[in-house]
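What follows is a set of notes on a single structure, which appears directly below.
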Amino acid sequence: MAAKVLPFTKQQIEKIIAKYPTPFHLYDEKAIKENARAFKQAFSWNEGFKEFFAVKAAPNPYLMKILQKEGFGSDCSSLPELLLAEKTGITGEEIMFSSNDTPAAEFVKARELNATINLDDLSHIAFLEKHAGLPELICMRYNPGPLKKGNIIIGHPEEAKYGFTREQLFEGYRICREKGVRRFGIHAMVASNELDANYFVETAEILFELVAEISQKLKIRFEFVNLSGGVGIPYLPEQERIDLAAMSRGVKTKYDEIIVAGGFAPLKVFTECGRYITGPYGYLVTRVLHIKDTYKKFAGLDANMAHLMRPAIYGAYHHITVVGKEDKPHNIAYDVTGSLCENNDKFAIDRLLPEMEPGDIVVIHDAGAHGHAMGFNYNGKLRSAELLLRDDGNVVQIRRAETVDDYFATLDLEGLSKFKV
Ligand SMILES: *Cc1c(COP(=O)(O)O)cnc(C)c1O
């Protein structure tokens, strides 16, 4: 069972709301730090283990700075994400650049920062060389195709646009070796929100075996294996957390069997998790605007899918707490909605909740990854603020809410006044 508790009391959140109006995302610094330490500790058997926080999950430099202090790097996949890392003071091999369909300018920036480049395709070797030159360290992303099954978020590997086939990998490392690349890594990401520890052990095994085979065949040495992200979190209260210790033990067993016994050690193990690192420690705090009773009961919030679109796009479950009514009977089925003119703008459908009224504070759980980050402006919706609940109990605003001026910032209204039709 995953406990769905809040890191604040009703009085505390009312005080915060008095200063920062809803809706907003609130991150729990203490919990993020504790989780980061436990994650690192689980892999401490591997000298050189490093987690590169997947910036796309929560692209906020304050969060990135907290995680950097815990020894994490950044996993970036676009120019703005590279710039975020740079502005946070994360550079060089603290950055994993795992992109796909990559524009030349992004490779140029990644090279300028000395980031570790994780290539998505065989053709990108020549593309990178042409536009930014080849670095001394190259990683390649493997797509195991039919060897691995995917899930609803990531799809089936053989349908996925990512990565090299097995044959292409051998070819890729051979080409890079001939072009003078001396340091190598290998990467695979075939899971998303996966709660089965074994899944990652299998991925590690596949990658370790590839390291052994490619090293022998091409006489190159691998420095690291990047197991990537995709470690899941229990969105549902009845789900269990992934058994991180079992996952780490399983990976170590394969490491000993394949890497140590084969003479390929030392090999650093890297991860680039996003969801697991911040997901459970971010909360979307909103209020009920309207209660509507038609063919169904609706609780309309001041938040909408622009603030958290996972329920709308994946049908994802996010736990909901009505603050102060935790102990009241949860016996009314509500569709909990936002204000977007799209009928999938619902945080929950037929969710049994206590009776609600306008003004109630409603907290949506597990919004700390792929939450605010996926925000958009469709239908004139503005992204919310992000707040950080510090480990000393204070609250700082780490991103202000968008304003109408932000919405108009990309439009030339002066031009409009001169625009004749
Ligand atoms: C999205 C992504 C991640 C992070 O995924 P999580 O599910 O948040 O752990 C890591 N690496 C790559 C290449 C990704 O695309």
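Order of listing sets the numbers, starting from 1, for every ligand and every atom in it.
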For ligand 1, which atoms, with element, lie under 4.0 Å from some heavy atom of Gly230?
5 (O), 6 (P), 7 (O), 9 (O)

Do you see a donor-acceptor pair shorter than 3.5 Å between the side chains of Asp405 and Thr403?
no

For ligand 1, which atoms, with element, lie under 4.0 Å from some heavy atom of Arg141?
13 (C)

With a cut-off of 4.0 Å, which atoms of ligand 1 are near a heavy atom of His370?
6 (P), 8 (O)

Close aromatic pair by centroid cut-off 6.0 Å: His319 and Tyr235:
no

Measure Met189 to ligand 1 on non-hydrogen atoms and call it side chain, backbone, both or neither using the 4.0 Å cut-off.
side chain

NZ/NE/NH1/NH2 to OD/OE distance under 4.0 Å, Glu171 and Arg174:
yes

Give yes if a backbone or side-chain nitrogen or oxygen of Lys56 is under 3.5 Å from a nitrogen or oxygen of ligand 1, and no if not.
yes

Contact between Ala369 and ligand 1, counting heavy atoms under 4.0 Å?
no

Proximity to ligand 1 by part of Glu194, non-hydrogen separation under 4.0 Å
neither

Does some side-chain heavy atom of Phe43 sit less than 4.5 Å from a side-chain heavy atom of Met247?
yes

Would you check the N or O atoms of Tyr276, main chain and side chain alike, for any that come under 3.5 Å of an N or O of ligand 1?
no

For Asp75, counting its heavy atoms only, list the atoms of ligand 1 lying under 4.0 Å from any of them.
10 (C), 11 (N), 12 (C)

Assess, by modelled atom type and distance only, whether the side chains of Asn118 and Glu272 contain a donor and an acceptor separated by less than 3.5 Å.
no

Does one side chain, of Glu386 or Tyr62, offer a donor that lies under 3.5 Å from an acceptor on the other?
no

N/O to N/O below 3.5 Å, does that happen between Arg275 and ligand 1?
yes

Please verify the inter-ring angle class for Phe72 with Phe39; under 30° counts as parallel, over 60° as perpendicular, anything in between as tilted.
perpendicular

